[in-house]
Each structure stands twice: as C-alpha cells, then as structure tokens.
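What follows is a short report on a single structure.
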Amino acid sequence: MAIFDYVYWRIVDAISFLLNIMGVYSSKTMAVDLSSPKATFVKDLIKSDKIVIFSKSYCPYCKLAKEVFDKIKEKYTAIELDGRDDGDEIQSILGEITGVKTVPRVFIKENCVGGGSDVKALYEKGELQKILIA
Ligand SMILES: N[C@@H](CCC(=O)N[C@@H](CS)C(=O)NCC(=O)O)C(=O)O
C-alpha cells in the first residue's frame with residue numbers, strides 16, 4: 001500500500017527529526033583522526049564485504065536498508081553500533097569519511113551510497129541493482 005508506506009515514513013522522518021534535535025538518540029561526537037588505528041579498523045570493516053551496513057538495532061532507516069537488500073537477496077554485513085563500546089567512535093569516524101553522521105551508513109564495494117532512504121530510492125530507480133552488478 002504505497003500511501004500507507006508514504007505516511008509511515010513521513011511520520012518516522014518527523015519523529016527522528018524531533019528525537020535528533022532533542023539529542024535523545026544522538027551519539028556523542030568525538031574528535032576524529034583518520035590515521036588512527038580505530039579509523040584503520042573502520043576502513044578495514046568497509047572493505048570486509050561487498051555490502052557493509054553500519055547500523056543501530058532500533059533504527060527504522062537501518063531496518064529499511066536491510067529490507068531492501070533482503071528483498072533482492074543480497075547478503076550484507078551489518079555492524080550494530082549500539083551494541084559496541086566503540087560505537088560512538090566508529091560513528092564519528094564514519095561521519096568524517098562520508099560527511100554524514102547518522103545511521104545507517106551503507107557501503108557497496110567500499111563506496112558509501114548513503115542511508116536507508118537513499119538505498120530505497122536507488123532500489124526504486126533500478127540503480128542499486130546496477131551498482132551491485134557493475
Ligand atoms: N534520512 C536518513 C535518516 C537517518 C536517521 O535519522 N537515523 C537516526 C537513527 S534512526 C540517527 O542516526 N540518529 C542519530 C544517532 O543515532 O546518532 C536515512 O535514511 O538514513
């Protein structure tokens with residue numbers, strides 16, 4: 001049901017926006033050194049699979065990205081940042097690498113293709129499939 005889907009995601013957008021500006025589910029911002037061992041660790045994670053999703057277990061956009069890959073039967077590696085002590089640090093490094101600090105951060109063949117809405121939009125335009133087979 002396209003209309004319900006649309007309304008659902010506009011409500012999720014509005015709630016996420018409010019929670020973000022209230023600082024409710026914002027991670028701690030940390031100083032980033034892209035030559036640090038942790039940054040190297042993050043870059044290695046990005047290289048570790050064809051599709052790598054930096055995610056948080058409760059995040060609806062992360063679920064959205066995973067559902068798209070599940071639908072097209074593409075395996076991915078998901079790193080759940082909220083389950084790790086170094087999650088905020090990794091998220092800050094990803095913010096520096098990609099220019100965006102929210103989750104998910106989705107990488108395909110080491111390139112960041114954006115977040116959950118971006119993955120869905122790429123899929124709907126047929127672009128995601130092209131990136132995956134290129
Ligand atoms: N439009 C973005 C929205 C992503 C977003 O707002 N993610 C929230 C979690 S659901 C977030 O990262 N909040 C800040 C945080 O968790 O540090 C997308 O589709 O990926």
Side-chain angles (χ1 to χ4, degrees):
M1 284 283 189
I3 183 72
F4 290 121
D5 206 38
Y6 177 81
V7 171
Y8 171 78
W9 282 106
R10 294 298 71 78
I11 292 170
V12 171
D13 280 342
I15 293 170
S16 295
F17 175 75
L18 286 173
L19 291 173
N20 277 327
I21 59 170
M22 288 161 67
V24 172
Y25 63 24
S26 291
S27 60
K28 262 189 283 148
T29 300
M30 297 183 170
V32 172
D33 169 7
L34 285 182
S35 58
S36 67
K38 187 61 78 176
T40 303
F41 171 71
V42 173
K43 290 177 202 161
D44 287 342
L45 282 176
I46 292 168
K47 289 184 203 148
S48 68
D49 200 356
K50 184 176 170 187
I51 302 169
V52 179
I53 305 175
F54 292 88
S55 168
K56 287 186 182 174
S57 56
Y58 57 81
C59 163
Y61 299 97
C62 303
K63 188 165 174 265
L64 176 65
K66 291 170 188 169
E67 280 171 357
V68 169
F69 291 116
D70 288 341
K71 196 183 317 194
I72 60 174
K73 297 190 170 30
E74 284 283 347
K75 290 202 179 67
Y76 52 80
T77 295
I79 294 129
E80 304 297 343
L81 299 182
D82 56 328
R84 303 177 58 107
D85 291 343
D86 58 358
D88 285 347
E89 194 180 359
I90 293 176
Q91 192 170 352
S92 295
I93 291 166
L94 290 168
E96 196 66 27
I97 292 175
T98 69
V100 177
K101 235 199 107 213
T102 53
V103 286
R105 293 284 80 207
V106 180
F107 291 81
I108 300 178
K109 299 176 193 166
E110 298 178 38
N111 295 309
C112 183
V113 296
S117 317
D118 301 309
V119 167
K120 185 166 186 261
L122 284 169
Y123 168 67
E124 285 170 351
K125 286 187 284 178
E127 300 286 331
L128 190 66
Q129 298 83 329
K130 287 186 197 157
I131 296 169
L132 286 163
I133 57 170

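FYI, side chains are in, hydrogens and waters are out, and symmetry mates aren't considered; it's all heavy atoms of this structure. First listed ligand is number 1; within each ligand, the first listed atom is number 1.
Using modelled atom types and a 3.5 Å distance limit, the side chains of S92 and K101 yield no donor-acceptor pair.
Close contacts of ligand 1 with G115, meaning ligand atoms under 4.0 Å from a residue heavy atom, involve 20 (O). Counting the atoms of ligand 1 from 1 in the order shown, those under 4.0 Å from a heavy atom of S117 are 1 (N), 18 (C), 19 (O). Near Q91, meaning under 4.0 Å from any of its heavy atoms, are these atoms of ligand 1: 15 (C), 17 (O). Near C59, meaning under 4.0 Å from any of its heavy atoms, are these atoms of ligand 1: 9 (C), 10 (S). Every atom of ligand 1 is numbered from 1 in the order shown, and the set under 4.0 Å from a heavy atom of P60 is 10 (S). Counting the atoms of ligand 1 from 1 in the order shown, those under 4.0 Å from a heavy atom of K56 are 15 (C), 16 (O), 17 (O). Proximity to P104 (heavy-atom distance under 4.0 Å) selects the following atoms of ligand 1: 20 (O).
Taking 4.0 Å as the cut-off between side-chain N and carboxylate O, K120 and D5 count as a salt-bridged pair.
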Exercise. Would you please test E67 and K71 for salt bridge (charged side-chain N to carboxylate O under 4.0 Å, His left out) and show each step?
Key: CA-CA 6 Å; E67 280 171 357; K71 196 183 317 194; over 6 Å; no
Quiz item: Checking side chain to side chain donor-acceptor pair (under 3.5 Å) for the pair E80/S55: CA distance, chi angles, key distance, verdict?
Solution: CA-CA 5 Å; E80 304 297 343; S55 168; 2.8 Å; yes
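Linking Ile, Leu, Val, Met, Phe, Trp and Tyr residues whenever their side-chain heavy atoms come within less than 4.5 Å places F54 and F41 in a single cluster.
Cation-pi contact between R10 and Y6: present, with separation from the ring centre below 6.0 Å and deviation from the ring axis of at most 45°.
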